[in-house]
Amino acid sequence: MKKIIVACGGAVATSTVAADAIRELCAREGIAAEVVQMRIIEIENSLDGVDLVVTTMKITPDFDVPYVNGMPFLTGINKEATEKKILSYIKD
């Protein structure tokens with residue numbers, strides 16, 4: 001089971017859109033994943049066992065977990081490339 005954090009400023013609107021898209025991507029690819037939504041400020045204290053962090057805001061990560069900017073899930077621009085990048089981190 002892969003664990004993916006999806007974060008935004010308030011853990012409500014934009015992270016929900018991205019989290020739903022990532023859940024659909026994982027289902028389509030047959031990947032068992034737990035997708036957890038949170039605020040960006042909560043990421044650092046929630047990294048235990050996490051395979052990937054996706055945010056809908058651009059950040060400069062200072063953690064050792066792979067990171068992907070999830071803004072394409074909101075804009076549609078480069079969505080396919082973002083999905084491929086996510087899959088590169090969570091596919092076995």
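Counting begins at 1 with the first residue of the sequence. Given the structure is predicted, the values throughout are model-derived calculations rather than measurements.
Taken from CD1 in Ile4 to CZ in Arg23, the straight-line distance is 9.5 Å, to the nearest 0.5 Å. Rounding to the nearest 0.5 angstrom, the gap separating the CG atom in Leu52 from the OH atom in Tyr67 is 10.5 Å. In this structure, Thr82 OG1 and Ile77 CD1 are separated by 10.5 Å, a value rounded to the nearest 0.5 Å. Note that CD1 of Ile59 and CG of Asn69 are 8.5 Å apart. Values are rounded to the nearest 0.5 Å.
Annotation: side-chain contact (heavy atoms from CB on, under 4.5 Å) contacts of Met38 (sequence neighbours excluded): Ile5, Ala7, Val36, Glu42, Ile43, Ser46. Lys84 meets the salt bridge (charged side-chain N to carboxylate O under 4.0 Å, His left out) test with Glu80; sequence neighbours excluded. Qualifying side-chain contact (heavy atoms from CB on, under 4.5 Å) partners for Thr14, counting only residues two or more places apart in sequence or in other chains: Cys8, Thr56, Leu74.
Counting non-hydrogen atoms of neighbouring residues, nucleotides and ligands closer than 6.0 angstrom, the CG atom of Asp64 reaches no more than 12 such neighbours.
For Asp51 (side chain) and Lys3 (main-chain N/O), a donor-acceptor pair under 3.5 Å exists by modelled atom type.
If you chain together hydrophobic residues whose side chains sit under 4.5 Å apart, Val54 and Met71 never meet in one group. With hydrophobic clusters built from ILVMFWY side chains whose heavy atoms lie under 4.5 angstrom apart, Phe63 shares a cluster with Met57. In the hydrophobic clustering of ILVMFWY residues, with side-chain heavy atoms under 4.5 Å counting as a link, Val50 and Tyr89 come out apart.
The side-chain heavy atoms of Phe73 and Lys79, taken from C-beta on, include a pair separated by under 4.5 Å.
A salt bridge is defined here as a Lys NZ or Arg NE, NH1 or NH2 lying under 4.0 Å from an Asp or Glu carboxylate O, and Glu34 with Lys2 fails to meet this definition.
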Check the pair Thr55 / Val6 against side chain to side chain contact (heavy atoms under 4.5 Å, CB included), numbers first and verdict last.
CA-CA 6 Å; Thr55 67; Val6 180; over 6 Å; no
Report the C-alpha separation of Leu47 and Val53 in whole Å, then their side-chain angles, then the decisive distance to 0.1 Å, and conclude whether the side chain to side chain contact (heavy atoms under 4.5 Å, CB included) test is met.
CA-CA 9 Å; Leu47 293 171; Val53 174; 3.8 Å; yes
Please lay out, stage by stage, how Glu83 and Arg28 fare under the test side chain to side chain contact (heavy atoms under 4.5 Å, CB included).
CA-CA 11 Å; Glu83 289 178 338; Arg28 187 171 68 236; 3.5 Å; yes
Can you check side chain to side chain contact (heavy atoms under 4.5 Å, CB included) on Asp62 and Glu44, steps first, answer last?
CA-CA 9 Å; Asp62 60 350; Glu44 195 170 325; 4.1 Å; yes
